[in-house]
Each structure stands twice: as C-alpha cells, then as structure tokens.
Amino acid sequence: MFENLFVGIADGLRSLLGGLPLEINEAIVMLVKLVAILVFILVNALWLVYMERKVAGYMQARIGPNRVGPKGLLQTSADIGKLICKEIIIHKDTDKVVFMLAPVLVFVPTLMVFAVIPFGKNMAAIDMNIGLLYLLAIASLSTVIFWMAGWASNNKYSLLGSMRSVAQMVSYELPMVLAILGVIMITGSLKMSDIIAAQEHTWFIFTQPIAFLIFFIASVSECNRAPFDLIEAESELVNGFNTEYSGMAFAMFYLAEYANMLVCCAMVTILFLGGWLAPFGLDFIPSWLWFFIKMYVVMFVIMQLRWTYPRIRVDQLMGFGWKVLVPLSLANIFVTGIGMYIYRAIGW
Amino acid sequence: MIRTQEYNLNFGPQHPSTHGVFRLLLTLDGERVVKAEPICGYLHRGIEKLAESRTYTQIIPYTDRMDYLAAMLQNWGYVMAVEKLMGVEVPEKAEYMRVISGELSRLASHLIAIGTYSLDIGAFTGFLLAFRERETTMDLLEELTGSRMTLSFARIGGVAADAPEGWLDKVDKFMDKLPDCIDEYDGLITGNEIFQARTRDVGVLKPETAINYSISGPTLRGSGVDYDLRKAKPYGIYDRFDFEVPLGKNGDCFDRFDCRMREMRQIIRIVKQAIEQIKEIDGPVIAKVPKVLKPPKGDAYEEIETSKGIIGYYVVSDGSTKPYRVHVRRPSFINLGYLDEMLRGYLVADVVAILGSIDIMLGEVDC
Amino acid sequence: MFGKGLVKGMQITWKEFWAPKATIQYPEHQNPIPDRFHGRFVLDLNNCIACGMCANACPNKVISLRKQKVGTKQFLTNYVMNIQYCMFCGLCVESCPKDALHFSKVINMNQYFYNNIPLVLVQREAPAEPVEKEKPAAKPTSQPKADKSAPTAKSEVAASKASDKEGE
Amino acid sequence: MSDWAGVFIFFVVALIFGAGGIATSFLIQPRRDTPLKLEPYECGMPTQGPTWIQFRTSYFLYALLFVIFDVETIYLYAWAVKFQSLGLFAFIEMLIFVFILIVGLWYAWKEGALEWQ
Amino acid sequence: MLTISLTHYVVLSALLFSIGLFGVITKRNAVAVLICIEIMLNAVNINLVAFSKYITPMDFTGQIFSLFVITVAAAEVGIGLAIIIAIYRNKLSVNLDDFDWLKW
Amino acid sequence: METSIYSVIAFYALAITILGNAALVVFARNIVHSVLFLAITFISMAGLFLLLDADFIAAIQVLVYAGAVCIMVVFGIMLIQRPDMKDTNLFNTQLIAGTGVVALVFALCAILAGRTAWTDLVATQAVPENTIQVIGALLMSKYVIPFEVVAILLLVALIGAIVIARDESSAIAVDEGVKANAHD
Amino acid sequence: MAVNKGKQIETAQKDIWAPEYFGDNPDYNCPPELKRLIHLAPVEKVLNLARAHSIWPLGFGLACCAIEGLMAAQGPRYDLSRFGYEVLRNTARQADVMMVAGTITTKAADFVVRLWEQMSEPKWCIAIGGCAISGGPFVDSYHVVPGVNKLIPVDVYVPGCPPRPEAVIEGFLMLRAKILDNREYLENFKGRVVTG
Ligand code: SF4
Ligand code: SF4
Ligand code: SF4
C-alpha cells in the first residue's frame, strides 16, 4: 500500500509541474528529492546520536537521555540548538580560511553520496551508470577535508589526529574498494539498481561472505568508529582533528560522522543484504521500510562494536589493514573468479 | 630510517587519561616517544606541612585525601604509626573492622583502576560497569562510616564505630555476587584480543629494575616479584587469613592489569574469612586512649600495603599534642620514577596504556 | 582461538543491554541514605551547653560559636559552620559531650552565592534574664550587640581562635 | 547528462547547507575574544615549540602504496564489469596483472614499508 | 560563441598547459614543481578526452590513453616525491636553487 | 558540437574554475594552499570530463587525483616541511625568463590550434552510454600489452619509490643535521 | 595566593540581580555585544531552552571530588546522561560548563584560568567540593588557592567533601534553572540562609 508512496509523490510532482520546461521541471523535482534526502539525513543523524547514547546507556547498566522531550527524544535537538548558538573560536594561529572551510565542506561529500543510494524500489535520486564508482570517488574526498581541518587548526593534537585519520582512511579504502569488486564481478554493473536486482535470489552476504566481512570492517574503519576510532582517540589525542573546533563547526563534524555512518550502513545493506529487497517474500512491508530495517540492524551492530571493544593501536590498525585485509580482499577476487567459472561449468 | 625533527607535546594537565592533573612533557619523534618528563605538583596541597599544625586525631581526615580512592588504607597506615609511637594495643575487633573496611577500600580502588584503565584503552563500557560495582562498595562503606569516599574511619587505637546491624551480612552477600561481576570484566576486558594486543609486551618492567627503583604494589607484582607486605611482613592480623598473592610473568601492562584483576578475587577471600572470624569476637572497637593525645618524644615508621603499593608513615613526636613532623612514603610517587624509561620508544597510544597500568593517584603523588 | 574474546565481549554487552539497569532516577527517587550519613549538620539546641568542644576538635576550624554568659550558664548566641571548609569527617560530632551536634541526611547544600554557604545553626540574642529559675548572680549590664543586620553569616574567627588555645 | 546536473544541484545545496549552518551560527553566537582564548589549546598549557610537526616516512609510504593500488583498482573495476563476458583469457590476464602488484605488496611488506614507525 | 567546439577545449588545454609550464620553470619548491607537472599532464588529458569525444567517439582511444596518462602521472608523483624526500634528507632543503650539485 | 545553453554555461564556468585555480596553485605562497587549489582544479576537471561524456574517466579523475594523489603530495609536504617555512612556495630567479618561455609556448599552441581545421575531423556519432563496459572490453582485447605494462610500471614505481624514500645509510648524518637545525 | 589567614572572603561572583544586569540603570553603558544580544532576545529564549538541556561538561578533574562529581555522577547509578549532561568534552573548546572539582593549587591556578578562558561562550562554572569553593580543608596551606571564585566566576556552589553525586546532579539542575532564568527557583535561593 505504501510501497509507492515516495515514487508516487515524485511522479505527482512531475505531472503537476508539467507545464514548465523539461529542465526546470526536472530541476525542481531533483530539488525536492534533495531536500527530502537532506531532511532524511538530518533526522536520521539526530536520531542516531540519540540512539547511540541510548544504546550506550543500556549496555552500561544505565538508561541514557530520558528527560528532554518525550523519552529524551529532543535531547539531540537541544544539543544542536546549543551548538548553533555557541561561539566558534578561531584562534590566532589558524589558517583562517581553510579552518572555516573544512566544516563547511565536510557535509558535501556525504550529501553527494546520498544521491545514488536507493532507499527503496526506484527510490534513488539519481541512478547513474557508474553509481558505485561515483560513490567511492566522492567518498574519498572526505579525507582531504579531514586533513584540512587538522592542518589548519595549527595544533599538534589536531595535526597528529588528522594525519592519522587520513592514513587510516586511505589504508582502509583499499580493502573496501577491493571487496566490492567481488560483488561487481557477479553483477557486472556499477549501477545500484542492478546490484540490488542481482540479489533477487541470494543476498551477496551468502555468496561473498569474505567480501562482506572485509567491507564491513573497512567501512567501520572508514567512518572512524570504534574499535578504529583513532581519529578521535580521546584518551590519546584529546579530540583528534577537531580539537580546536567549537560550536557549529564542531557540530558539522559531529553530524557528518553520523551521516557517514548512515552511508556505510546503507552501502552494506545495498551491497550485501539485498538493499530494499524483502526477504522470505514478505513484501507486504514496503521496500523502503525493509531498507531501513536492514540499515538499522547494521547500525546497531556497529554501535555495539563501539561500546564493546577497546580501541586498537595505530600500528596494529595499519598492519591489520595492509597485511590482513588487503591480501584477503585480493584473494577474494581470485576465489570469486574461479568460483564463478566453476559455477558456470556446473550450473549452465 | 629518516630521523624526523623531534617536537614536544604537552600531555596533560587537562588530559582525559592522565588521571587527574598530571603533566607529561613528551618529546616525540613522529609518534614515538624519545623522552618523557613527568611534571607533577599540580596537586601539591601541603598535607605533610598541614599535619604539623593539627593534633594527632585531626590528621586522620587529611590522610584520606591523599589516596582518596582507598581512604581507609591511608588512615590505617597513619594510625598504625601513631599507635606504635604511643604503644597502644588495638582491640581485636577493631583489627577485623579495619581489615574489612580496608579491603573494601582496596576493592573500590582496584575497581576504579581497572575501570579507568579500560577507559584509557578505549572500552567505555568496562569503565561504567566497574562503577556499578563500585557504587555497591561505596554503599557498604557509607553505611559503615557515613562517607562514601573520604572515610576517616580509623581512629588511634581502633576504629570510629562498630558495624551497624546486618552490615556484615550485606558485605557477605556482596562478596558472593562479586565473582560474577569480575568474570564479566574478564570477559569484556581481560579476555578481549584487542585489549591484549594493546597491552601485552608494552611497558615491560624487569623484576630487577622494579626492585631497584623501589617500585611496589601490583606494579611490582606484575613483574613477578612476590612481595606483598600482607604476606611478607604481616601487619595487623593478616597472618590469620589464607590468601594468595597474584603475580605476573612478563611485567608488561597486561600483567599489571591482570594482577589487580586477580587481586580482587583475593580480596573476596580475605573479606569472607574476616567476616566469618569477626562474628565470634566481641568487645570494643577502640582501645582506651586519652582524649588529648600526647605521644612521648620519639619517632615511628609503619608501612602497609595499599592498593597502589607500600605506603609508609613516619611520625615524629616532640611530646606535644601535635606531631613535629609527618612524612609519607607515597607509593604512587615512587612508582612514577621509572616512567620515563618505561615510555621511551613506545607510541603515543602506549603512553596512555603504560601510565594507566601504573595506576597512579595524583593526590598521593603530589601529596 | 582468535576471536573468542571478541565474541564473548559482544555477548556480554548484548546481555547487559537487556539486563536491569542500575540507575536510580534521582530527583524523583533516591536511594535510602544510611543513618550514619554525614550530611548537613543539625544542632540540638536543648542539649548544647556551648562548651566549644566541637570547635576544638575540628581540624579545620570550621565551627565558630559565640556565647554569652547568662547567669551561671553559657548561652549560645551564634553558631555558624563554614561548611565550605568542612571535611565532613565527623570529629566534631564525636567530640560533643552532650550529643547535641548531629549529622542529618540532607545531602543538598548547594548555593548560588558564596555568602549563603555557611550553615547558620544558631543566631539569636541572649535573653536579658537568665531563663532558669536560679538567682541571677549579676545581671549583665550591657547588652552585647547581636549580629542582626545581615541575614548572611559573616565568617567568624573570634570564637574558633579563642577556643584554639587548648591545642597550643 | 541530466544525471550530472542533478549531482551538481546536490553539490550546491550541500555547500549552501554547510555554509548556511556556519553563517547562522555566526549571526547568533556571542563572541568575546580574550588573549588566552586565541591561543591554541594544548591541554591547558602554552604550546611548546612549533606546531607544524614533521612526520615520518611511513606516512608517505602508506600514501604511496595507496595511490599505486588505487590506480590498480581502476583497471580492476573496468575489468570486473566485463568479467562475465570476457572469457578465460581476460581472467588470466587480470591474474597476471594482480600478481605483478602482489609482488609489489610483498616487496613493500618485506622491506618494512608496512610497518608503522 | 554559444557553441562549444573542439577548439575551445584545445585552447583551454593550452592555457592550462602554459600555467603548468610557467610553474615548472619558475617555482623554487621542488614539490610545487611536481604539482605543476601534474597540471600539465591534466591539460594533456583534456585534449585526449576531447579528441576522443569529437573525433573518434566509438574508439575510446583518447579515453584509454588518458587512463594511462593518469596511471603514469600517479607513478610519477610517487617517484618524484620519493626523490624529493631522498634529496631533502641529504640537503635538508627542497629548494631547487640548492640542488646544484649536478652542475659543479 | 554542444549547443545546449547549459553545457555552454557549464563549460565556461568550469574553464574559469580550472584556470583560476591552476593560477592560484602557481601563485599561492603556501604550498599547502597550492595543493588544496590543485584538488579543486582536479575536481572541476572531472566536471569537464563529464561534459565530454567520459564519466568513467571523470570518476577516476576524482578518485585518483583528488582522493589519492593530493593526499600523497600532502603527506610528502608534511614529511619535508620545516616548521619555520610559512612562505613555502616562492618563485625562483627565473621569473622573467619563465614568463617569456611560457608566452612563446602558448603562442605556438594557439597558432597551431587555430590553424588546424578541427571541423573536418569531427565525427558525428555520439559517445556510447556505458563507457566503462567498453573501456573494460577494450583494455582486455586491444590494449592488452599496455595494460600489462601498466602493471609493470606500477610495480617499478612502487619498488623504486620505496627504495628511494627509505634510506638507512644516511640516517645518522641527517640526524645530526636535523638536530642542529631544530635548535635554531 | 596569599594564605587565607582570617578567612576573610571577598567574593568575586556574578550578581544577576544587579540593576545593570537588567539595563535599568540609565548611566549604564551598554556594550555593543550586549546590544546585539538585546536584539536577539526573543530568539534567546528558545536558545536558552536548548542550552539549558545540553550542558556539556569539560572532562576536567583535579582531585578527590572529580571521582564523585565527575565519574560517579556519570556512572550507572546516578547517570547524568538522563539530563543529557554526560557528554564529557576533552577539549575546552567544546565544553559548556567547567566543573571545578578538586583542590586548585597555585601551580594549577594558571592552567585553570587558561582552560576557562579557552572555553567558548556561553560558559558556566560549577564549583564542586570544599576545595573548589574556598580551599576547603587545605585553606591554610601555602600552596592552595582559597577558592576558585578568586580566579573565575562561579555560578553554582556544591559544598561537600566530596559532595554526593546527587548533590552534583542537584547542582546541574540549579544551573539549568539559572540558564532558563527560572525566577521562582532563583528567588528561592536569594538571600537564603540555611538554619538548623
Ligand atoms: S560540643 Fe556539643 S555541647 Fe559543646 S558546643 Fe559543641 S555542640 Fe554544643
Ligand atoms: S565534620 Fe570535621 S571538618 Fe567538619 S566541622 Fe566537624 S570536625 Fe570540622
Ligand atoms: S573538597 Fe574534599 S573531597 Fe573535594 S577535593 Fe577537596 S579535599 Fe578532596
């Protein structure tokens, strides 16, 4: 019943604006989609922060925020409200332009990535041919922004933190990219909708378990979550690259972190958990709801990881990335290739 | 390897993992420590000096504030020194009360030590779960003494009060529950591979060095030196209890941490035995001492084993109501002595691990 | 096997997630406070004989009391505890010969202003006549000025200084 | 083509969002600069020495490895999408390609370039 | 000028190339020179892709060439930086004016 | 021949961004700023590639140049940077000569470009939709040899860079130098 | 810092009931910053609502009180996070409230002030424990600053040695009332003298 809710809205809008020239019509529809996505990200980021604190509380024998608003739901809104009206300190040694540019830009790659994520059947804002590659390319830009933030702060902790984070993100991007390769070999397309369609019968988590593991670990690392949260490494580097940021500038990083998490979970869902496909033929639940359910299951696991594991040391982190994950993901390509030949020999 | 330019990094005083206001001036080469200069004194409150203008009894609350995590043990050390000076005999029951409350204090201290250590390593949950048990310990201590942390429970010649009704049973019940909790920490922290990878072979302290640097407490025993004052020179009534002294093998951070973990299990044993034995004893909890204490001229030194190591109180009397001099051998301060060499060559992340594993208490370091 | 500890950790947090919570919702609920708790002081005026033992026993000269001779008895006019200096050690309570000074279970002594922090346990004027039926030996001629101007208690040194000589 | 126009709109809106957030904040925030506030934060102490620290070669080596392998993945992607229709020859070719790079990884490993210094 | 033809791309490419070249000749910092070389290579890429689109749209020769150029450029930066680091280690400078020991 | 008004606007906007940022790369006083401008140049170049219907190349441009090469350059800078160098990206003494040479080169290019009859060469077909598929196929068939050579090239670059960049023999000498330098 | 011999207290505290605070005083020269705030006043109400419910403390402990006031109050039993006050920031830049928990020695005074200065506006300060309020047990010592209000303005005092975590929570609630400008609550405290 609700299956076509959002698609229907978009179509309705399009026909409503039928009188306008095509480009403008498309642009307006795109803008509406965009605003919807933006709202979606913000609401989700707020919710995720709240959920994180609740989950953390529950795992630590306490209850977490419950006073502000019903069940404490307005807690994160209050936090953001406060951060907006907090002073942004730009201290005298900073590289002022770069320092302020970083928080402005930090949301850009994240939001742009959302353009290709299908939230449900036919519900990607843009379903482009090289969707996956686009996603990877844009996502790789965020490293530069983190580095900008750390360098411009002109603070040793920030610089150390940002250099670490860049080295980390760079090292884990590789296994992530290589892990996806296994999926692409099977689907033969970089289009998100094709990838999901290819999982009609079996999710790739079953056909590509190694790739799934690698991708999952690498994406946890990419969004700097524990046990790979060296970027913030509170007990060592104070707050990592955002040590000098205050107020809204900090809030931007804070939100972007959660938005990044959202991307990672969405990616895991799309690539390995069948995206919006309903399992066991339970398709009375709309596709977009399935997508959320899967996404939030992954999210919960990531949160649980954070509240369970200690932080790993930087040299171990690098060693793990390069000496375990990269060879493993290369091996995965071989195995997938050979496996597919065998499968074809038997199957067809 | 190219040697990069060395630079200084302030680690503290306001740093989440220096456990208070402690400052380490690190000289780093890349991320490796070349030199570490511990700078303390940010919490120097002049307790030793203040003690000279207080009467003997009035000093007791001040000793609390040295190692505020295990306040009873500090009280105990001090009153033992004064008792020795005055030749006071402590009633049996008071000794037991001291043991029970002292061991509970030690438990609270160890719980914080493992909690904050897991926080340093990055596992937040371990920290808060340890605090859950600490709250119970605090409740028990509060019921006994009236304060949660700064107990001021010991008195010269005994303890301030007898156990309230039903208190011993409560302690007993808590001791029954505790092993499960310790198992939980073991599962969550000690058994975790990441934690082990972080702490094994880091900050190795050789037994000889440890002895040479006069290091004591779990830090020493983590290196495998079997020296616990409770066993080696049983003070009070410790010779009546049957317990083990947990020892480490390699002397690395993990061993030190594990020593504390296993020591907690021994605390359970001691407390359980003490509760069993105290039930048969009746009598006062404080000896007859004059209201105004005037110890004879002379000096006395007594040392006991606290949760951090061997604390020694040296009290000099000039025959008046106030001590001429009080000096404290603070284990945390002495354990810090080897820090610089222990840190050299390790990464910044290891600094946190090593510093946390020594379990310093700044109130005691700076005194 | 590698990974066993990791799985165990996840199990524990999962278990904790569903386990009962230790939190007590403070402003509404509160853990019972034990009888011996060292909270805010209360002074039983009927028992207090203004002997000054409590002020003497205190390590930090927290207690300042003013007394006045009314008849044969000492009359307590002013008893202020500067609890900002207090250690809540209980030595004063222990030393009171008449059991007049107690701890209560009140934990909250918070204030917005520094001047309000001291606990004014007694603030009153001495009666002109001795309350008791005994013959007044000598009627005090001049009424000592009682400090009634400021509601906030001035930290008082005189009494504690006077009572400090025992220690010297 | 219109796909990319959409992407461009995304970019612009994201930029506006970021800039708008910060700008709003600047409008309503209280500001008071004091000399101490304008100093870098370093655990409550004045910073010691230059803040532009010099890093070690290992960082560069990681970046280098990353660049090399990143370039490699491009070819892998181009190959992977066609993998099913290309046949065994292409697969073997790719094996050779990957193998050559694995040699590089092995060399880096052996030389200790993967060690964090 | 309301159409974009191949000439536009070629001119753009030439301009970019000139900027890069200018940087290569006049910069003092070795890393800056490397960066400028990158710009030059990119200018070439524009040409290649433009040719590919306008002249041989079905062959993709230009695109594949630019793929190779990107690869080579990446390798070049890597090696170049490594050399600069090595030189820096000996001379403690990245100033090209100091790198004159080949002349003696 | 692009005629859509949007692509014309896009082209000019991109061209200005590219040229402006490239100029800033050259003229920025701080080398880190140069790198950041370079990143912008690269990204807008990707936009240009999109205009040229080369989406695969555009994605790669962003992935490799903006995401990887810039990071590597930045790391390189952090490795060799002296803290006292705020103005790290100055011109050398050949400024005037350089300008002359560049003007000459550009004039030559312009003349050549102007004299070529581009319009004769222009083909009429459109670029196929799915570029990556075609490129993948071409790489595996027509360009097999260059493809394998690329692997060798990358290998050589990797090994070469590692050999050059890590050098133990001179470590001690440099050590002294660095230390001496650190104190002034 | 001089030894606080006579325990004479000169308080350096904000008096929010002073006439110039309300701008009633015609002679009062309103700084431009304040003028700007006056324009913002309607918004400020909403913002204060947000501020009051999200007070992030600076993870900054000095001595014994830090264990009770910071750690135990965050702990499972008392759980400051219910109010949303558990987000301990390690850098002064992001913190809202400085909980001065513990003894401030003359050596530490310097960095306490520095940390306070480096916090971003708006900021508050809670003095936890006798030491932070007045030097507490160590007021006679030669190396102890008699009270943090000598260094920075304090909003809420939480006496105790150490105060129970409940009292710390109470302190936070008082701060919340202050930020919300909850007049009834505040009047309760004005000139309040606790008598036995
Ligand atoms: S010791 Fe007791 S009786 Fe004497 S003044 Fe104090 S409270 Fe009153
Ligand atoms: S509790 Fe201790 S410090 Fe407080 S007034 Fe009594 S004796 Fe003095
Ligand atoms: S007030 Fe008491 S508990 Fe708090 S820091 Fe001071 S001495 Fe320690």
Side-chain angles (χ1 to χ4, degrees), chain E residues 2-8 10-12 14-23 25-29 31-32 34-36 38-39 42 46 49-50 52-58 60 63-64 66-68 70-72 74-75 77-79 81-86 88-90 92 94 96-97, chain F residues 1-3 7-8 11 15 18-19 22-23 25-26 31 34 38 45 48-49 52-54 57 60 64 69 72 76-77 79-80 88-92 94-95 98 101-102 105-106 109-110 113 118 121-123 125 127 134-135 138 143 146 150 153-154 157 160-161 164-165 167 170 174 177 181:
Chain E
L2 273 177
T3 54
I4 302 299
S5 64
L6 188 50
T7 324
H8 288 83
V10 175
V11 170
L12 174 63
L15 270 172
L16 198 59
F17 188 84
S18 310
I19 292 176
L21 186 64
F22 177 70
I25 297 174
T26 56
K27 292 315 270 192
R28 193 188 284 177
N29 191 328
V31 180
L34 217 58
I35 292 173
C36 291
E38 287 301 299
I39 292 181
N42 265 281
I46 294 181
V49 178
S52 163
K53 174 177 173 178
Y54 284 97
I55 296 173
T56 57
M58 301 309 288
F60 282 88
Q63 292 206 14
I64 289 182
S66 63
L67 201 61
F68 289 141
I70 289 176
T71 313
V72 172
V77 182
I79 293 282
L81 275 172
I83 292 173
I84 292 172
I85 288 168
Y88 171 78
R89 206 181 285 138
N90 287 320
L92 284 177
V94 285
L96 283 178
D97 293 347
Chain F
M1 205 97 0
E2 290 288 348
T3 45
S7 8
V8 175
F11 174 79
I18 291 172
L19 291 178
V25 171
V26 177
I31 185 102
S34 282
L38 185 72
M45 206 102 74
L48 207 63
F49 289 158
L52 290 168
D53 292 338
I57 301 289
I60 281 166
V64 172
V69 169
M72 184 163 68
I77 291 169
L79 229 59
I80 57 178
T88 40
N89 196 10
L90 301 174
F91 289 108
N92 60 11
Q94 297 151 344
L95 191 59
V101 172
V102 168
V105 170
F106 179 67
C109 287
W118 297 110
L121 298 167
V122 170
Q125 302 105 311
V127 180
V134 187
I135 290 178
L138 277 176
Y143 296 96
V150 160
L153 171 80
L154 289 176
I164 297 169
D167 179 348
S170 62
V174 175
N181 225 306

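The chains referred to below are lettered A, B, ... by the order of the sequence lines, with proteins before strands, and numbering in each begins at 1.
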F/Phe11 vs F/Leu48 side-chain heavy atoms within contact, under 4.5 Å:
yes
Under 4.5 Å from any heavy atom of chain E, what part of F/Leu19 do you find: side chain, backbone, both or neither?
both
Is chain F contacted by the side chain of E/Ile19, its backbone, both, or neither, given a heavy-atom distance below 4.5 Å?
both
Between the CD1 atom in E/Ile84 and the CG atom in E/Leu34, the distance rounded to the nearest 0.5 Å is 5.0 Å
Per-residue tally against chain F (heavy atom, under 4.5 Å) across E/Val11, E/Leu16, E/Ile83 peaks at E/Leu16
Which bit of F/Met72 is near chain E, if near means a heavy-atom gap under 4.5 Å: side chain, backbone, both or neither?
both
Could you tell me which of E/Cys36, E/Ala50, E/Ser66, E/Ser18 has the largest number of non-hydrogen atom pairs under 4.5 Å with chain F?
E/Ser18
Output for pair (E/Ile35 CD1, F/Leu38 CG), nearest 0.5 Å, gives 5.5 Å
Going from CD1 on E/Ile39 to CE on F/Met45, what distance comes out if it is rounded to the nearest 0.5 angstrom?
7.5 Å
Under 4.5 Å between any side-chain heavy atoms of E/Leu21 and E/Ile25, yes or no?
yes
Return the set of residues passing side chain to side chain donor-acceptor pair (under 3.5 Å) with E/Thr71 (not counting sequence neighbours), or none when no residue passes.
D/Tyr75
Given a strict heavy-atom distance threshold of 4.5 Å, which part of F/Phe106 is in contact with chain E: side chain, backbone, both, or neither?
both
For the interface with chain F, which of E/Val72, E/Leu67, E/Asn42 has the highest count of heavy-atom pairs at distances below 4.5 Å?
E/Asn42
